[in-house]
Amino acid sequence: MSRKPIIAGNWKMNKNVQEAMAFVEEVKGQLPSEEVVESVIGASAVLLNGVKFQASGSALKVAAQNCYFEDAGAFTGETSPKVLADLGADYVIIGHSERRDYFHETDEDINKKAHAIFRNGLTPIICCGESLETYEAGKAVEFVGAQVSAALKGLTAEQVAASVIAYEPIWAIGTGKSATKDDAQTMCKAVRDVVVADFGQEVADKVRVQYGGSVNPANIAEYMACPDVDGALVGGASLEPASFLELLAAVK
Ligand code: PEP
């Protein structure tokens, strides 16, 4: 089963308007073919409109880093998935560990967000991942499996097949301490196994699973060589145009 690789940069709450526009201007003419790899930048909500506009006519796709699970209403400060669709976003990253930890997002919130994202014609990049304590206790597969199952609850087979799931061990995010390629493969396969159990083999063969956690141009190739790793979600190494382009170029 061939799945198109997807490399998504997660800028987090970095870059001002000028920096974001300069980045897109620099990379947009140098992106690899969309036939080979999907190139995505996850920018903060206030930058999305500009990034989308600046990227127009190029292969660069745009991801929000969060959204609310209602389309509109009295939810001061929240980001509407309907408006994200309106401005042309392609993906929405949900369930990032920083949102789970700092903003207390639950599996139930993430599931509601996944439904809202599909309802508005967007695609979720659903993050999951265990803490160091859980990893060291040998409970990563069980823990991450429960997160994935909860996030996908009630979605259709077609929606799950179109989803992207990013396995990101919390201990590897922003730490420079990346997972071994064997751990990444084991966990991305475990994620796919949950999809097999909940939605069947055909759906699991289509869903794309990324590894994330201190991925950089020097180590991305070994992750991409793993049969169940279909791409990467990258924080730090996506901030500089040259590094982002190197990540993309490593996908063959
Ligand atoms: C992330 O923010 O999702 C991430 C994986 O960050 P980093 O690549 O910096 O570890």
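Residues: numbered from 1 along the sequence shown. In each ligand, atom 1 is the first atom listed, and ligand 1 is the first ligand listed. Computed from heavy atoms alone, side chains included, the values below leave out hydrogens, waters and symmetry copies.
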(request) First locate atom CD of Glu130, then atom CE of Met187, and finally report the distance between them rounded to the nearest 0.5 Å. (result) 5.0 Å
(request) In plain terms, say whether Asp193 and Lys189 are close enough for a salt bridge, that is, a side-chain N and a carboxylate O under 4.0 Å apart. (result) yes
(message) Under 4.0 Å from a heavy atom of Gly174: which atoms of ligand 1 are those, numbered in the order shown and with their elements?
(response) 7 (P), 9 (O), 10 (O)
(message) Any nitrogen or oxygen of Ala237 lying under 3.5 Å from a nitrogen or oxygen in ligand 1? Just yes or no.
(response) no
(request) List the closest protein heavy-atom neighbour of atom 9 (O) of ligand 1: residue, atom name, distance to the nearest 0.1 Å. (result) Gly236 N, 2.9 Å
(message) Looking only at distances, can you tell me whether any N or O atom of Glu98, backbone or side chain, sits closer than 3.5 Å to an N or O atom of ligand 1?
(response) no
(message) Consider salt bridge (charged side-chain N to carboxylate O under 4.0 Å, His left out). Of Arg192, Lys206, Arg208, which one does Asp230 pass it with?
(response) Arg192
(request) Considering only non-hydrogen protein atoms, determine which one is nearest to atom 1 (C) of ligand 1 and report residue, atom name and distance to 0.1 Å. (result) His96 NE2, 3.3 Å
(message) With clusters defined by side-chain heavy atoms of hydrophobic residues (ILVMFWY) lying less than 4.5 Å apart, directly or transitively, does Val27 cluster with Val62?
(response) yes
(message) I want to know if ligand 1 touches Thr175 in the polar sense, i.e. an N/O pair below 3.5 angstrom.
(response) no
(message) Looking at non-hydrogen atoms alone, which of Gln210, Lys177, Glu168 comes nearest to atom 3 (O) of ligand 1?
(response) Glu168
(request) Check each of Lys82, Arg119, Lys112 against Asp71 using the salt bridge (charged side-chain N to carboxylate O under 4.0 Å, His left out) test, and report the only one that passes. (result) Arg119
(request) State whether the shortest distance between N or O atoms of Gly235 and N or O atoms of ligand 1 falls below 3.5 angstrom. (result) yes
(request) Tell me which part of Asn10 gets within contact of ligand 1: side chain, backbone, both or neither, using heavy atoms under 4.0 Å. (result) side chain
(message) So if I count the atoms of ligand 1 from 1 in the order they appear, which ones are less than 4.0 Å from some heavy atom of Lys12?
(response) 1 (C), 2 (O), 6 (O)
(message) Using modelled atom types and a 3.5 Å cut-off, is there a donor and acceptor pairing between side-chain atoms of Lys52 and backbone atoms of Gly88?
(response) yes
(message) Show me which atoms of ligand 1 lie under 4.0 Å from any heavy atom of Ala172.
(response) 10 (O)
(message) If we ignore hydrogens and angles and just use 3.5 Å, is the side chain of Tyr91 paired with the main-chain N or O of Ile93 as donor and acceptor?
(response) no
(message) Assess, by modelled atom type and distance only, whether the side chains of Trp171 and Glu133 contain a donor and an acceptor separated by less than 3.5 Å.
(response) no
(message) For the 3.5 Å polar cut-off, considering only N or O atoms, please tell me whether Gly213 and ligand 1 meet it.
(response) no
(message) Within the 4.0 Å heavy-atom shell around Val234, which atoms of ligand 1 are there?
(response) 8 (O)
(message) So does Ala85 get a backbone contact from the side chain of Asn120, meaning a donor-acceptor N/O pair under 3.5 Å?
(response) no
